[in-house]
Each structure stands twice: as C-alpha cells, then as structure tokens.
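Working notes for the structure below.
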Amino acid sequence: QLAVNHFRNTAMHLLNMTTANRPAMEARSTNTDFKSLVQTKLANGLLDYYVIEKRLEEYLKRAAEYAIVLGEGYVKVEWDSSGGEPFGFNEETQTTIYEGDIKFSNLSPLDVVRDTSREDQDHDWVIVRNFRNRYELIAKYPDFETEIMGIESKDDQEVNNLFGTIKEEKTDLIPIYEFYHRRSDALPDGRYMIIISPKAVAYDGPLPYRFIPVFRMAPSDILGTPLGYTPMFDCIPLQETVNALYSTVATNQNAFGVQNILLPKGANINTTELSGGLNILEYEQGMGKPEALNLTQTPAEIFNFIKMIENQMETLSGIN
C-alpha cells in the first residue's frame, strides 16, 4: 500500500500558479461628481482593509484549493452582528451591542445544498451548513437552550469528509443550517432562515442582503449540470495506477530483498560457511558453485510505465 502522491504535488502547483498574483480589486464610480470620487477612495481603502487585515485573500485562496481538488469552492460573506467594537448596552436584554462587521468563511461542496437539476448557476435558493460552538449559540439564542443541548455534536455524528465516514474527536461544535432564497416574483423580499433544528428556527424573515451571499469558484463546469469540474478529476485514476505500480516494486523488494543461495546437492557447504565475509569455501567442482537466487529484479517495463503515467498526469493538468 505504498502511495507516492503526485496528485497533491500537481494540485499544489496548480494552486500556486493560480494564486501567484494577488487579487487586484478596485472601486470605480459611475459618476464623475466630487462626492462619488470621494466615495471611490473610501471604497478602495475598505477593499485594502478587508483583503489584508480581514484576510479575504486567504479565504479566496482556500476556495481556489477546494475548487482545484473538489471541483468547487465557496466563500460566504455575511454580516456578523457580534463583530466589531462594543457600541452600547441593551438594558432590556442585559447584552452588549456591537458595531457589527463583515465576516468571511469557506465552504466545501459537501456543505452547500442547491438544485442539482439546473443546468446553470442561476439558483433561486441555497442551503449552507456551518458548525458552531454549542455554548456560543446558547448565549446568542437563549430561548432554544434545550433544543441546542439536545443536538448531536460533530463527534457524535458520522461526518462525511474526504477520508470517508469517520468519528470526530470530542468537540462542542454542532451543525446549523442557513437557507437563502433570492428576491423573486414569488418572494419579493426573498427569504432567510437560520435552522438550528427542526424545532428551533432562530430566524425566519426577509433576505437581509441584496443577493445570496454565497460565492462559488470552479475551474470549469460539467456541461448540463451546476456541478464543478477540475482537471484533477482526470488524474485520480492515474494516481491510483502510480500507487499500484510503486506498491508492486516495493512488495517485490520487501519479499525478496534478502537473497537465497542456490547450492547443488552434495556441494558440502553449510549455512555457517555462507554467513559473514572473507570465508574460504570449498566445493566439488563437478557439483557446481553456489549462486545467488536473484528474485528482486523488477521488469524495466514497470518503471517505464510509471514514468509514462507521471507524464500523463502532467499533460492532463497542464503542469510540467
């Protein structure tokens, strides 16, 4: 079971080439009046702040990595009412009021539900899964404490990830779901729901954003579907073949690395005489001399095939 991971090496080269240049975002005003020009300078300052200080660039890079490996990556942009500096104090609820701030988070394709029967990305609705700290949710939604405490945590659930179905280690993280529906003729105000459990809906009301704040990144699309496609999909069977070939070589070397000795019957040589070095061995000339039984030699075709498969991975990914 020897794995020589050319797949990851190729994927990281793709990622580094894609993200080598920093995103150059610039605000431009549609009007030429003084007020619009001043707002443009402010907008550019805010862009620099969020790209550098709020690490938007890192979230974009992680989305690109998801896209290269899994076909799709997502960045969710939301308003965090608990972010920013303290702004005041609510005497009625005895809670601190914060200024609020924009919050970024990454989502994999395993955390985004949408209508897969569509043939484009013009989705009416999207559901996303997040994992939040149980006790932070209780502090934010005290009315649902009983329901929140009854939800299985991430370690109690069989969570599907890239390595199969596993049991997570002990954690206080629990899944919550957010439903976004864009503004449309059927829902002029859109719809937004925060679903903690079937019996605990923390919010259900109009969409507080102008559009669904979940942004997708994908190298390409599978035609006729809304699903992403990446050249790394084509490299998966090649990587499995490389692993099998290297395993064949390693198995052969491991099984026959310690050589056996061929001795003709009647040669009168024992195993003690063969051990160590600088020994004088006498044998009957007519019986023939001892010879090594060399079973470790691997056919050259296997090594040539390994090189061929590795070259094919470079060709399919476009990475030398």
Side-chain angles (χ1 to χ4, degrees), residues 19 22-23 25-27 42-67 70 72-90 93 95-114 123 125-144 148 151 153-154 159 171-183 189-197 200-218:
T19 60
R22 300 183 66 179
M25 293 181 282
E26 182 181 0
L42 175 61
N44 283 324
L46 288 172
L47 278 172
D48 290 339
Y49 171 76
Y50 281 102
V51 169
I52 299 173
E53 298 297 330
K54 290 295 184 178
R55 302 183 293 113
L56 173 58
E57 185 177 6
E58 295 182 20
Y59 290 99
L60 293 173
K61 187 173 182 179
R62 178 56 59 87
E65 185 172 0
Y66 274 130
L70 301 178
E72 294 176 322
Y74 293 86
V75 176
K76 185 178 72 166
V77 184
E78 60 184 329
W79 181 257
D80 182 12
S81 60
S82 300
E85 298 295 328
F87 180 73
F89 188 79
N90 190 325
T93 60
T95 56
T96 302
I97 302 174
Y98 293 89
E99 294 176 340
D101 201 354
I102 293 176
K103 179 181 178 181
F104 307 106
S105 58
N106 285 113
L107 299 169
S108 78
L110 303 178
D111 298 316
V112 179
V113 181
R114 69 276 198 205
H123 294 288
W125 57 267
V126 169
I127 302 173
V128 301
R129 178 182 65 172
N130 302 283
F131 289 93
R132 301 283 181 85
N133 185 287
R134 183 192 309 273
Y135 300 101
E136 293 292 334
L137 286 174
I138 291 175
K140 191 169 185 178
Y141 306 111
D143 295 339
F144 298 112
I148 292 174
I151 298 174
S153 60
K154 198 175 182 182
V159 178
T171 178
D172 291 323
L173 296 177
I174 62 173
I176 69 167
Y177 299 87
E178 292 176 274
F179 172 82
Y180 300 91
H181 196 296
R182 68 177 183 177
R183 291 181 171 87
D189 295 326
R191 190 173 183 182
Y192 174 56
M193 300 175 68
I194 301 176
I195 305 168
I196 299 174
S197 75
V201 178
Y203 179 85
D204 185 2
L207 181 69
Y209 308 100
R210 286 183 295 173
F211 39 75
I212 297 176
V214 179
F215 302 93
R216 173 180 178 267
M217 186 184 296

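Nothing here was measured: the structure is a model prediction, and the numbers come from that model.
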**Exceeds 12 heavy-atom contacts within 6.0 angstrom, atom NZ of Lys61** = no
**Prompt:** Between Asn133 and Asp172, is there a donor-acceptor pair closer than 3.5 Å when you use the side chain of the first and the backbone of the second?
**Reply:** no
**Request:** Please report the shortest heavy-atom distance between Ala218 and Ala67, naming the atom on each side.
**Result:** CA-CB, 4.1 Å
**Message:** Within this structure, what is the CD1-CD1 distance for the pair Ile195 and Ile127, rounded to the nearest 0.5 Å?
**Reply:** 6.5 Å
**Request:** State the CZ-CZ distance between Arg114 and Arg216, to the nearest 0.5 angstrom.
**Result:** 6.5 Å
**Asked** With distance as the sole test, does Tyr59 use its side chain to make a donor-acceptor pair with the main-chain N or O of Lys54 at under 3.5 Å?
**Response** no
**Non-hydrogen side-chain atoms of Phe144 and Leu137 separated by less than 4.5 Å** = no
**Request:** Please report the shortest heavy-atom distance between Met217 and Ala63, naming the atom on each side.
**Result:** SD-C, 4.0 Å
**Prompt:** Atom CG of Leu47 and atom CD1 of Ile52: how far apart are they, to the nearest 0.5 Å?
**Reply:** 10.5 Å
**Asked** Is there a side-chain contact between Ile176 and Asn130, using heavy atoms and a 4.5 Å cut-off?
**Response** yes
**Message:** Let me confirm one number: the CD-OH distance from Glu78 to Tyr209, rounded to the nearest 0.5 Å.
**Reply:** 5.5 Å
**Asked** Hey, are the side chains of Glu26 and Asn44 touching, using non-hydrogen atoms and a 4.5 Å cut-off?
**Response** yes
**Complete:** Rounded to the nearest 0.5 Å, the CD1 atom of Ile194 sits from the NZ atom of Lys140 at a distance of 6.5 Å
**Asked** Heavy atoms, side chains only, cut-off 4.5 Å: are Val113 and Trp125 in contact?
**Response** yes
**Message:** Less than 4.5 Å apart, side chain to side chain, heavy atoms only: is that true for Ile174 and Phe131?
**Reply:** no
**Asked** Parallel, tilted or perpendicular: which fits the ring planes of Tyr50 and Phe104, with parallel below 30° and perpendicular above 60°?
**Response** perpendicular
**Asked** With sequence neighbours left out, what residues match Asn106 under side-chain hydrogen bond (donor to acceptor under 3.5 Å, both in side chains)?
**Response** none
**Asked** Which value, rounded to the nearest 0.5 Å, describes the distance between Glu65 atom CD and Thr19 atom OG1?
**Response** 9.0 Å
**Message:** Is the shortest side-chain heavy-atom distance between Tyr66 and Leu110 below 4.5 Å?
**Reply:** no
**Fill in**
Result for ring pair (Phe, Tyr, Trp, His ring centres under 6.0 Å) between Tyr192 and one of Tyr180, Tyr177, Trp79 points to Tyr180
**Asked** So, Arg183 side chain and Leu207 main chain: donor-acceptor pair closer than 3.5 Å or not?
**Response** yes
**Request:** Search all heavy atoms of Ile196 against all heavy atoms of Ala202 and return the closest pair with its distance.
**Result:** CD1-CB, 4.0 Å
**Message:** Checking Met25 against Val51 for the side-chain contact (heavy atoms from CB on, under 4.5 Å) test, could you report, in this order, the C-alpha distance in whole Å, the side-chain angles of both residues, the deciding distance, and whether it holds?
**Reply:** CA-CA 9 Å; Met25 293 181 282; Val51 169; 3.3 Å; yes
**Message:** In this structure, is the centre-to-centre distance between the rings of Tyr98 and Phe87 below 6.0 Å?
**Reply:** no
**Asked** His181 vs Phe179 aromatic rings, parallel, tilted or perpendicular, using cut-offs 30° and 60°?
**Response** tilted
**Contact check, side chains of Asp204 and Arg191, non-hydrogen atoms, under 4.5 Å** = yes
**Message:** Would you say that Tyr74 contacts Val128 through its side chain, given a criterion of any heavy-atom pair below 4.5 Å between the two side chains?
**Reply:** no
**Request:** Indicate the atoms forming the closest heavy-atom contact of Ala139 with Pro142, along with that distance.
**Result:** O-CD, 3.9 Å
**Prompt:** Is the CZ atom of Arg62 crowded by more than 12 outside heavy atoms at less than 6.0 Å?
**Reply:** no
**Request:** May I ask you to decide if Ile151's main-chain N or O and Arg134's side chain share a donor-acceptor pair within less than 3.5 Å?
**Result:** yes
